[in-house]
Amino acid sequence: MPGNRFNAYADHTVGIGLRIPHYQHIFSRKPVVDWFEIISENFMIDAGRPLAMLDQIMDRYRVVQHGVSMYFGSVTAPDPEHLRRLKQLVQRTKTPWLSDHLCWGSVDGTYTHDLLPLPYTWEAVERTVERVRMVQDFLEIPVAVENVSSYAAFTASQMTEWEFLTEVVERADCGILLDVNNIYVSAMNHEFNPMDYVNAVPAHRVAQIHIAGHSRYEKYILDTHDHPVIDPVWQLYARATERCGPTPTLLEWDDHIPSFDEVHAEALKANRYLRRKQPAQELVEAAS
Amino acid sequence: MKNQLNALLLTAALAGLTGGTTVAAQSANSASNGSAHFTNAGLNFGSQDTPAKHSCKGKNDCKGQGGCKSSDQGCKGKNTCKGKGGCATDGSKMPKALFA
Amino acid sequence: MNLESIQREMAAAVMQPLTRDENMRERAADGRSMAEIAESFVAPNSRLNAFERLEIYNRQYWYRVLSALAEDFVALRAVLGSRKFASLSVAYLTEHPSRSFTMRNLGSHLPAWLRVHPELTGRRHSLAVDIAKIEWAFVVAFDSAQRAPLTLAEIAALDGSSQLSLQPHIELMELNYPAENLVLDLHQREKRQTSEAGLGSDEEEQPPAKLPRIRRKPTWLAAHRVELSVFYLRLPREAFLMLTALQEGKMLAEAMEAGFADSRIPAARRAAKLQQWFKSWAELGWICARET
């Protein structure tokens with residue numbers, strides 16, 4: 001893996017999300033896994049079993065942090081206690097890069113604990129850029145922002161989601177965690193072509209890729225992380241790796257979690273695309 | 001008299017602290033690796049993992065029913081799924097894939 | 001509409017309680033039409049109108065916070081039954097929405113809030129409050145900080161005016177029922193049912209659990225952590241009062257006085273009791289120097 005400055009030139013290949021139902025398997029069988037992604041908020045505590053388990057994992061495996069409550073797009077300032085605890089965890093895990101979502105979720109100190117979509121406006125670009133820069137400066141490691149699955153769009157939007165993402169990452173000079181399942185979910189919910197999104201993303205900024213499964217309802221798709229990755233999402237992944245080159249890739253599985261082996265096997269399907277010879281022409285162009 | 005009584009109590013408390021701290025230190029150094037601590041700790045609720053609170057999944061309104069796979073007959077009969085359109089049986093009600 | 005207005009309006013809509021049928025309400029708390037509110041900032045698509053799209057987030061919010069709260073109050077849910085627990089959870093979270101980046105703290109106000117809402121628990125109110133205290137104490141004891149206990153050198157320097165503190169993971173409780181065994185039983189029962197019925201059993205309506213006879217009896221309890229396990233330790237009333245005073249920052253002599261105020265322990269036996277308690281607390285590493 002060549003890596004880039006947005007993932008600290010990491011050589012990470014395919015990883016899976018660290019989930020409690022797999023602890024026993026991991027500790028007893030010690031499977032070969034390239035890396036685990038942890039949800040930062042589950043470990044931003046003072047002490048106790050979660051941190052002890054994490055320390056044991058880190059004795060053997062590489063860990064990358066992924067957050068769910070930084071809310072880069074929230075208008076109210078982040079909680080200093082949140083930032084303090086996050087930095088403490090960054091120092092503990094030595095995560096080479098850190099990701100969180102391009103969304104908002106709290107207002108006036110009240111938290112929805114959801115990843116709420118932003119209106120794609122210039123005002124939102126400015127607010128978000130400011131927050132990403134501040135967090136990146138504070139944490140002193142590369143930060144990547146992840147595109148979210150969304151179920152609502154805003155009348156105020158002035159651009160497409162991929163234009164919004166591009167504006168934010170270029171101005172904040174940060175990386176992208178490209179979730180190709182989220183692109184698919186949002187494309188179905190907002191009736192756009194997901195391949196247009198993948199083709200428009202600034203490929204040289206992609207630090208990491210997420211893959212996952214979802215649930216389809218009659219009138220919308222929900223990003224439930226409780227199924228295998230479907231073929232159309234693998235097609236988006238194939239195109240993303242074609243554009244970005246081999247990129248650290250992570251499978252998220254958060255509900256009805258099957259055995260460790262099943263989850264890991266699903267993740268390793270990504271190697272079908274990662275091991276192909278990649279011209280990564282666009283990266284060469286971006287670098288020149 | 002009261003002062004004497006208080007001094008006696010303070011001496012007892014400090015003696016207790018000293019004794020307990022010594023026992024803890026010995027126990028920590030011994031092969032039992034502190035297991036003596038458990039004998040007077042009370043009712044053990046165990047060292048189980050509590051469920052992790054945070055993830056970035058969307059919350060399913062048909063939780064516990066395996067989601068809605070293409071072969072499902074929807075999430076019928078559950079209060080939590082009432083009025084939400086259930087699951088598509090074959091995805092045909094979604095727009096056709098928009099791949100170029 | 002600017003970003004701030006959209007976020008305030010959307011947060012209010014998303015956090016508004018659902019109807020009985022788990023739909024978004026037709027009217028906001030201030031009487032405005034939710035359809036009009038939704039249309040003011042949410043765009044429809046070919047399958048869903050603005051109201052329906054906002055409703056997805058409204059449902060998702062409640063499913064997420066309600067399940068997070070239920071995970072921490074398994075025994076309370078069992079004692080009240082799932083229906084009553086759900087209504088009280090909605091009422092609680094409406095009054096105390098999350099003010100923290102972590103859902104770990106969702107239930108922090110529940111014991112105190114429940115105490116002043118007997119109308120939501122029915123005849124098992126007092127027991128329900130005790131159970132909520134015991135379950136919240138588990139959350140605190142499970143992952144709160146562990147500080148270095150007092151060293152022999154620090155103990156040698158103590159006198160009656162010394163201020164000490166307790167381990168941050170210690171939660172002291174004054175209860176009306178000796179309910180910790182019941183809570184443990186209910187947790188184990190829930191665990192068995194989940195593993196037997198598989199995932200999803202939590203979605204079915206659970207009537208209030210049949211409980212063994214439990215007599216009201218003043219009980220003083222400490223939840224604490226040893227290594228990685230949470231324990232519940234019964235305390236004599238005097239010990240509870242003393243530890244509470246120490247936790248509040250009272251001087252050692254004051255704490256001892258507070259402990260023995262109105263005590264039935266004969267004066268002649270108090271020194272021996274004190275020595276025994278402090279020895280036990282020191283063995284457990286409970287007593288720390290006051291943080292400066």
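Each chain gets a letter, A, B and so on, in the order the sequences are listed, and its residues count up from 1. Basis for what follows: all heavy atoms, side chains included, without hydrogens, waters or symmetry-related copies. In this text, all values refer to a predicted model and were calculated from it rather than measured experimentally.
Classification of the F192(A)-H190(A) ring pair by plane angle, with boundaries at 30° and 60°, yields parallel.
In this structure, the side chains of H227(A) and H256(A) stay at 4.5 Å or more apart for every pair of heavy atoms.
Take Y111(A) and apply the side chain to side chain donor-acceptor pair (under 3.5 Å) test, not counting sequence neighbours, and it matches no residue.
Between chain B and the options D254(A), I39(A), V148(A), the largest number of non-hydrogen pairs under 4.5 Å is found for D254(A). The most heavy-atom pairs under 4.5 Å with chain B, out of M53(A), H66(A), R19(A), E41(A), come from E41(A). Of all the listed residues (V68(A), N42(A), D223(A), L115(A)), the one sharing the greatest number of non-hydrogen pairs under 4.5 Å with chain B is N42(A).
For W104(A) and Y71(A), the ring centers sit 6.0 Å or farther from each other. Aromatic pair F72(A)/H101(A): ring centres not closer than 6.0 Å.
Using a 4.5 Å cut-off between heavy atoms, F43(A) does not touch chain B at all. Heavy atoms of E252(A) lying under 4.5 Å from chain B belong exclusively to its side chain.
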